[in-house]
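Structure first, then comments.
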Amino acid sequence: MIDTQALRLEQLQRAGDVIRHDDFLQNPPVFIAGADVGFEQEGEVTRAAIAILRYPSLELVEYQVARITTTMPYIPGLLSFREYPALLAAWEQLQQKPDLIFVDGHGISHPRRLGVASHFGLLVNVPTIGVAKKRLCGTFAPLDSAAGALAPLEDKGEQLGWVWRSKARCNPLFIATGHRVSTASALAWVQHCMAGYRLPEPTRWADAIASRRPAFLRWLQLHPEMSP
DNA sequence: GCGACAG
DNA sequence: ATCTTGTCGC
């Protein structure tokens, strides 16, 4: 069995190492990555995809996909332990390491302040931002229906991040510091990587690659040399 | 006790 | 997350 209590204690300990302010040596970043995790073989296999985009052009310059045997079931609040092994595997395969990573999931907007974006950021020691599609914890004021509507996500007296409607008629995104990025910058960087869709480009590409979507397959046709 | 609960 | 087509709404 899994000692969930020990994992929760580990989260509390690691959360103390998360840096919640900007400490980039060079800003703005030159390469921004999007990271996404999915599953195959009825969950037996965990698949991670990382897409590297040049900033500010947002063109895809590299991507890596890693598949490993799944070791943990999905337990709300303990997601990072299930996903980080595959993320690390994909990370090791990268030729070009990014200056900033958008991780699909929460950052410090987590019950014990250690979502997958924060956990992964600590492991690779790179600035990360959590971009999630659903709330995990915290509360926020009703959001206006217009694109751009924003509300702080708060919990127990502190602001954990933002709830931001990136596009009209779409559910909002939950954006928070992962590691080495401030709450204000987390929102700004995501906003700087939008291209008309609900998700920011780094995340959108990572998802397209992991799921082998048509847009990605078409891009592959134009870049044969990029086929792994 | 009851409801909520990233991917 | 994943299984999956068409369909309703702006």
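Just so it is clear: chains get the letters A, B, ... in the order the sequence lines come, proteins before strands, and each one is counted from 1.
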(request) May I ask you to decide if the ring planes of His192(A) and Trp189(A) are parallel, tilted or perpendicular, using 30° and 60° as cut-offs? (result) perpendicular
Exam field: side chain [X] to backbone [Y], donor-acceptor pair closer than 3.5 Å:
X	Y	result
Arg165(A)	Cys170(A)	yes
Asp99(A)	Val30(A)	yes
His110(A)	Cys137(A)	no

(request) Using atom CD of Glu42(A) as one end and atom P of dT2(C) as the other, report the distance to the nearest whole Å. (result) 13 Å
(message) Using whole Å, what does the distance between atom C1' of nucleotide dC10(C) and atom NZ of Lys167(A) come to?
(response) 11 Å
(request) Using a 4.0 Å heavy-atom cut-off, write out nucleotides 1-7 of chain B from 5' to 3' as B (base contacted by protein), S (sugar-phosphate only) or - (no contact). (result) ---SBBB
(request) Could you pick out which residue, Arg169(A) or Ser211(A), lies toward the 5' side of DNA chain C when each is mapped onto its nearest nucleotide? (result) Ser211(A)
(message) Just checking His119(A) against Phe81(A), ring centres under 6.0 Å apart?
(response)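 They qualify: ring centres under 6.0 Å apart.
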